[in-house]
There are 2 protein chains.
Amino acid sequence: MVAKGLTRATLTEAALRIVDGDGLDALSMRRLGSELRVDPMAAYRHIPNKEALLDEVVEAVMSEIDPDAVDASRPWQDQLRSLARSYLATLRAHPNAAPLIAQRSLRTAGSLRVVEEALRIMTEAGAQLADAVATIDAIGLLSSGIAQAAGASSEPQGGASADRFAGLPPHEFPLLGQAAHAGALSDGLADVLDFAVDGMIAALEAKGAAANERLTGAR
Amino acid sequence: MVAKGLTRATLTEAALRIVDGDGLDALSMRRLGSELRVDPMAAYRHIPNKEALLDEVVEAVMSEIDPDAVDASRPWQDQLRSLARSYLATLRAHPNAAPLIAQRSLRTAGSLRVVEEALRIMTEAGAQLADAVATIDAIGLLSSGIAQAAGASSEPQGGASADRFAGLPPHEFPLLGQAAHAGALSDGLADVLDFAVDGMIAALEAKGAAANERLTGAR
DNA sequence: ATGGTACGTCTACGCCGTAGACTACTGTGG
DNA sequence: CCACAGTAGTCTACGGCGTAGACGTACCAT
């Protein structure tokens, strides 16, 4: 009586379930085994070590992103914004896995489709490849950072992190205190990505416009 | 013969030395003890648990940033750029500690001075507080992400990460392959921050200009 | 039927964070 | 001057971790 039919996919699925439900620290090989009603060491028939399992988890999350969801008929700016939003939304669906993704994001194969798609959108709009890479890097880094921060702040207590800033000595930190009272520090995290993306779009537009003027001999 | 004169500061210093030298995983209470030629449990006379020690390490790194290094006579855009650069430079000096900072950055007191300073620069230039917060958040998140990625990529092997992308099937990922060959993926990480900051500056300028026009009734 | 192979199990090793009892020293009030 | 309380470092031990290596057991092709 062996044949529990364990596979890499089953393991990954269970691992992600544990991480989502009980946090990254809760994911141990022993816990994984008990989740699947199997000896902890059984996993090692399918993965070389825990690192590989974590890679698989990252891969699983990243493959939830659907790069084809963007409407190709919209202007490239909208496409880029939409891509960034779905990237962030996916990460926010797995806040506990965000630290993993922050460390491995660009190195995992699952995100390559999204990256390629974003590069296509921007270069077809006339952007330099290096600028496009910078933009998509920034989007990836920001998204994982935001998802991570959002996950971390909600776990310890409720939303008391804003209160800590609100209690700062107002003479030393007037603006921070003000921002805390306005809720800008805690609520606005998701807006950070939009703001940054808009900013980078503006920069790309400016560069593109300058290049066009140079080409057409205008100005 | 007891009196080794252990203090919180000594512990923090040794901890950071271990992290910088041998990586985050190398920092264990036992290792910390042996580094200071002291029983591992001795640390617990000065800190409640390892979490607190990690907080101290983050604090130590953050306090290396000197927010007064920016030249107040320069335009606010340059001040912001300079602040962002010194933030990133500090984090890059401790790449192994970057994951810690990514998780705790805004929650630690040491970074508050920098944040306050950045908010002051931007709001004095006419930016909305919420936009200023978004900008500084993005700078913090990007910097820690960049420092972390830079540290992670150099540790496993040399710089072979670019080669992995270079070996991708060119039909599926033409732009990624191109970017890899151009070195844009690995070398350009530091430029990402500059690019994003420039973009956000552009956005702030645009918003400011629009607000000014509205105020003066121009256009 | 038999031998090989894939998969799950078991035991054990050396790490980890840290609780709790113990010891040696220091500075203070009688 | 001394007892005594408090402080700082030590020791032992517990439960948990990742995983190496030996061991069974069920299947499949010969």
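The basis for the numbers below is simple: all heavy atoms, side chains too, and nothing from hydrogens, waters or symmetry mates. Letters A, B, ... are given to chains in the order of the sequence lines, protein chains preceding strands, and every chain is numbered from 1.
- Between the P atom of D/dG9 and the CG atom of B/L32 lies a distance of 12 Å, rounded to the nearest Å.
- Rounded to whole angstrom, the span from the CG atom of B/L54 across to the P atom of C/dT18 amounts to 10 Å.
- C/dT5 atom C1' lies 10 Å from atom CZ of A/R45, rounded to whole Å.
- Remark: B/Q128 CD is loosely packed, at most 12 non-hydrogen atoms of other residues, nucleotides or ligands lying under 6.0 Å away.
- Each of A/A43 and B/E51 lies near DNA chain C, and the nucleotide nearest A/A43 is the one positioned closer to the 5' end.
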Just the table, please: protein N/O against nucleotides 11-14 of chain C N/O, every pair under 3.5 Å.
none

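- Considering only heavy atoms from C-beta on, A/R120 stays 4.5 Å or farther from A/W76 through its side chain.
- You'll find that the side chain of A/S28 is closest to D/dC17, out of D/dT19, C/dG17, D/dC17.
- Remark: A/S143 OG to B/L141 CG distance equals 10.0 Å, nearest 0.5 Å.
- Atom CG in B/N49 sits roughly 11 Å away from atom P in C/dG17 (whole-Å rounding).
- Comment: B/E51 engages B/R104 in a salt bridge, judged by a side-chain N to carboxylate O separation of less than 4.0 angstrom.
- Within a 6.0 Å sphere centred on CG of A/D71, heavy atoms belonging to other residues, nucleotides or ligands number more than 12.
- Ion pairing between a basic and an acidic side chain is recognised when a charged N comes within 4.0 Å of a carboxylate O; B/R113 and B/E116 show no such pairing.
- The residue among A/D25 and A/P48 whose nearest nucleotide of DNA chain D is located toward the 5' end is A/D25.
- One atom, CE of A/M29, and another, P of C/dT9, lie 13 Å apart when rounded to the nearest Å.
- If you take CG of A/L6 and P of D/dC27, they are 16 Å apart, rounded to a whole angstrom.
- As rounded to whole Å, 7 Å separates atom P of D/dA20 from atom OH of A/Y44.
- A/R81 has a carboxylate O that lies under 4.0 Å from a charged side-chain N of A/D78, or vice versa, which qualifies the two as a salt bridge.
- Residue contacts for B/I47: at a heavy-atom cut-off of 4.0 Å it reaches no nucleic acid atom on any strand shown.
- Side-chain nitrogen and oxygen atoms of B/H46 include none within less than 4.0 Å of the OP1 or OP2 phosphate oxygen of D/dT7.
- Look at CG on B/L24: it is 13 Å from P on C/dC16, rounded to the nearest Å.
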